[in-house]
Amino acid sequence: MTETRSSGRWWRFAAIVLAALLLAGTAAWFALVRLYPPARLAALLGAEVQAATGRELRIAGALSIRLLPRIAVVAEDVRLGNADWGSQPEMVRLERAAFEVALRPLLQGRIGILQVQVQGAQLLLESDGQGRLNWQFTPPAAQRPPPSPAGHTADTVVLERLLATDTRISLRDGGSGRTHGVAIAALDLRAQGDRDQLTATLDPGGVAWQVQARIGHLLDLTRGDGDWPFTLRASAPGAELAAEGHVGTGARAGQGRADVRLQVDDTAPLLPLAPALARLPLPLRLQASVEGRREALRVDALRLSLAGQAITGQLVLRGGGDPPGLSGSLHADELDLGRLPTATAAAAGHPATVERDQPLFGDEPLPFADLASLPAADLAVRIDSLVWPGLPPLTGLSGQLATAPGRLAIDRLAVAVLGGQVSGQFEAQLPAAGSAARGTPGAPSTRLRVDAHGLSIDALKASTAVLQRLKGGRADLEADLRLSGSTPRSLAASASGGLLLQLGGATLSGTAAALERNPLATLLDALLPRRAADGDITIGCAVLRLPLTQGVARIDRSIALETGQLAISASGQLDLREQTVALAFHPQVKKGLGLSPANLAQLVTLQGPLLAPDVAIDPKGTAREAVTVGAAVATGGLTLLAGRLRDAPADGQACRTALGGSAEATKRR
C-alpha cells in the first residue's frame, strides 16, 4: 500500500514538472516571438550576412520561427546580392531555408547560425574576365567581427552543418560569356575539427557523380583568412577525379595550387561537360600539378596517357580572351597514331589506292570546317618517334603549333624521314567573317612550304609505284605553294607557287623485264637507247621544276634527266585543274661518246589524264621552228616544241637549264 502511494506521488510530481516545462516553453516561445518578431529576425540575419560578406541578404517570402528541435528561422525566397559588376543582381536564390540559431547570441540581440537547411538553391559563380570573382567577398572593415582563437567569429556563424537539396550551380566565364551548369541532387556539409566533411551527388547532365571531400571551413572562404585547403575525390561509372591542394581567399581569391589525377575509361560522364571529349581515345590517364593565378592557370609535371600513348609537358592557360589562350610544350618519346581508335577509323575509311578511272584529286570535303572551333593555342611539340598510318616512320619531329578560331599553323617543322631531313611550314585559314558580303572569295586558304634533303629513293619508292624502277640515290624536294578551297580538287586547281624535285646518284634498272603499266617506265623505254634495254643505267641528275599559276604549270625545259650518255629535256604543260598532262621529251646524245642518234627516238610525247597518260613516239608533223611554250600548248601543237628541244645544249646543260640556269644544276650530293 505504501509503495502504491509513493509511486502515485512520483507520477503526480512528474506530471507537475512536465506541465511546468510546457508552460515555461510556451511562455518562452511567446516571449521570443514578442521580442523577436519575423521582421526583426530578418533584419538581424541580414546584418550578420552583410557583416560577413558585404552583400545584401533579402527575404522576399514568408518568415517564421521554429522552436524544435532547435530554434530556427524559416525563410522563403531568400536572395543574396551579387558583386556590383555581376551579370545578374543576385548571386544566390533559395526557395526555402531554415537557419538554426544559437540561443545565447540571440538573447544578446544577435544571430548565431549553427545549421542551415536549403531547398531549391540557385547559385551563380562568375568572373568578369579581368581576374575578379563574385565569390570574392569584401565585407566592410567596420562591420567585421573579431576572430576567435579558433579562427571563427565569436558566437556568430559557426555552421555545424549545411544540408542542401535540389541545387543548381551556374558557372559563367565573363571573358567568353559562356555558362555551364551543374545540378546537385543532395549535399551534406559537417564540421569536423579543423576541417569540414563534404558529401554530395552531382548531376552535370544525366550521369551522377559522387563527391567526397575534406575541406577548410566553408565560412573561411568569406573571411579571407589564409589559404583554404581541400582534398577531393569525385567518381562516376568509368571516371574518377582526385585533387588535393588549396585555394586563396580574400585578396588571394582566384589563386591556388593542387595536385590532380584523372582516370577515364568511359567518356559518358564527361560528355555533358564537354561533348568534344567523345572522340578521346581511351583509356585516359592524367596527372599534373596545377597552379592558378588570376590571369593564368599553369599546369606543370603534366603526364597524359591516351590509349597507352604517353605525353608529357607543361601548359599555361591565360584567361581574359575569347577563347582563352593556351601555351606550353608537349613531348612524347613514342607515338603510334595507328593505336588510336579515331586514327584507325579514319585510315580505314579511305582507300589505300586510287583506281585508274578515278580523278587523282577528288571532291571529298576536307575538315576545314573544324578550324572554326579551334581554341587559341601556341604549343611547342616534340615527338621522338611517330608512326602515322600510311606514312613512313618519322623521327625527331619538332615544331611550333599555333591555333586560333579559324586558323591552324605549324611553324619551324623539322623531322627525319626516309633517311633525310625535312623542314617546313603549314598554314590553313578560314576566310574572314563578312568576306562573302564584301564580294571576296569565301574559300579556305592554305600555305605550304617544304624543304626536304637527302631522301632515300629506296625508302621513298616503297610508297609509290612510279619509282619502282629506280634504286639507290637521293632526292631533294622544295615547295612553296599557296592554295585555296576545301576539297583536293579545288586545292590543286588553285595551286600557285613553285615545286622543285631533284634526283641524283640513282640507278635505273633494265627495262626489258618491266611489263608493268607504269608511265615513267614506258616513257624511259621510249627515250633510252635500244641497247640499254637489258642493262642498268646510272642517272647523273634529274630535275622536275613546276612553276604553278592557278593550277597550271607551263614547262619550258624545266624537266630534265641526264645519264652518262644522254641529256633529256621536256616542255609542255601540266594542268591540275583538268588533271591532265601534255609533255614533249627529246633525248640528245652527249658528244664524244660514240652513240648514234639513230638509236634514239627523235621526240616522245606524254599526254592524257594524270593517272594514265599515253606515250607516243615520233609523232608525225614534227616541226623545227622554235615557238613559245604557251602558244604550243594553247593550240594543242605539242609537237611544235620539238625544234626548241632539239636546239637545247646537250653536254651537262639539261639539268642546269631545268633549274633556271643556276649553277646548282650540277651540284649533286
Side-chain angles (χ1 to χ4, degrees), residues 354 356-361 461 464-470 492 495 499-503 506 508-509 511 514-530 532-533 537 539 541-548 551-563 566-588 600-623 627-646 648 654-655 657-658:
V354 180
R356 298 183 60 84
D357 58 350
Q358 293 180 345
L360 180 59
F361 304 107
K461 70 182 183 181
T464 174
V466 176
L467 302 179
Q468 294 303 308
R469 299 279 298 281
L470 297 176
L499 184 146
L500 174 62
L501 174 65
Q502 301 182 66
L503 305 180
L508 181 67
S509 61
T511 61
L515 300 178
E516 74 277 9
R517 172 67 173 170
N518 185 324
L520 178 60
T522 305
L523 178 65
L524 293 175
D525 285 346
L527 289 168
L528 295 175
R530 300 293 182 267
I537 297 177
I539 297 176
C541 67
V543 175
L544 172 67
R545 181 169 62 88
L546 302 180
L548 285 161
V552 177
R554 301 188 186 279
I555 299 165
D556 182 6
R557 294 170 292 176
S558 63
I559 297 178
L561 180 146
E562 291 188 30
T563 70
L566 296 175
I568 301 172
S569 296
S571 293
Q573 178 174 284
L574 178 70
D575 191 338
L576 299 181
R577 297 174 303 186
E578 301 296 331
Q579 303 191 47
T580 60
V581 61
L583 294 175
F585 294 83
H586 179 60
Q588 289 183 306
L600 300 178
Q602 295 303 301
L603 187 69
V604 176
T605 61
L606 183 71
Q607 193 168 10
L610 285 176
L611 280 180
D614 295 319
V615 177
I617 303 175
D618 294 329
K620 296 180 180 180
T622 298
V627 295
T628 64
V629 174
V633 173
T635 60
L638 186 60
T639 57
L640 296 179
L641 298 172
R644 188 180 182 93
L645 290 173
R646 290 194 186 96
C655 288
T657 301

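Note that the structure is a prediction, hence the values are computed from the model and not measured. All heavy atoms count here, side chains included; hydrogens, waters and symmetry mates do not.
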Q. Distance from Ser558 atom OG to Asp556 atom CG, nearest 0.5 Å?
A.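 Ser558 OG to Asp556 CG: 7.0 Å, rounded to 0.5 Å.
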Q: With rounding to the nearest 0.5 Å, note down the distance linking CG in Leu503 to CG in Leu561.
A: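 Separation between the atoms: 8.5 Å.
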Closest contact, heavy atoms only, [X] versus [Y]:
X: Arg557; Y: Ser571; result: N-OG, 2.8 Å
X: Thr657; Y: Arg545; result: O-NH2, 4.1 Å
X: Glu562; Y: Cys655; result: OE2-N, 2.9 Å
X: Leu548; Y: Gly551; result: CD2-C, 4.0 Å
X: Ala560; Y: Ala654; result: CB-O, 3.3 Å
X: Ala570; Y: Ile555; result: O-CG2, 3.7 Å

**Q.** Residues which pass side chain to side chain contact (heavy atoms under 4.5 Å, CB included) with Leu544, listed by chain and number, not counting sequence neighbours
**A.**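 Scan of Leu544 (side chain to side chain contact (heavy atoms under 4.5 Å, CB included), adjacent residues dropped) gives Leu501, Leu546, Ile559.
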Q | Contact check, side chains of Leu470 and Ile539, non-hydrogen atoms, under 4.5 Å | A |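 With C-beta onward as the side chain, the pair touches.
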Q) Are side-chain heavy atoms of Ile568 and Val604 found at a separation under 4.5 Å? A)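 No - every pair of side-chain heavy atoms lies 4.5 Å or more apart.
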Q.
As a test of understanding, state which of Leu360, Val581, Leu610, Val552 forms a side chain to side chain contact (heavy atoms under 4.5 Å, CB included) with Leu576.
A.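 The single option meeting the side chain to side chain contact (heavy atoms under 4.5 Å, CB included) with Leu576 is Leu610.
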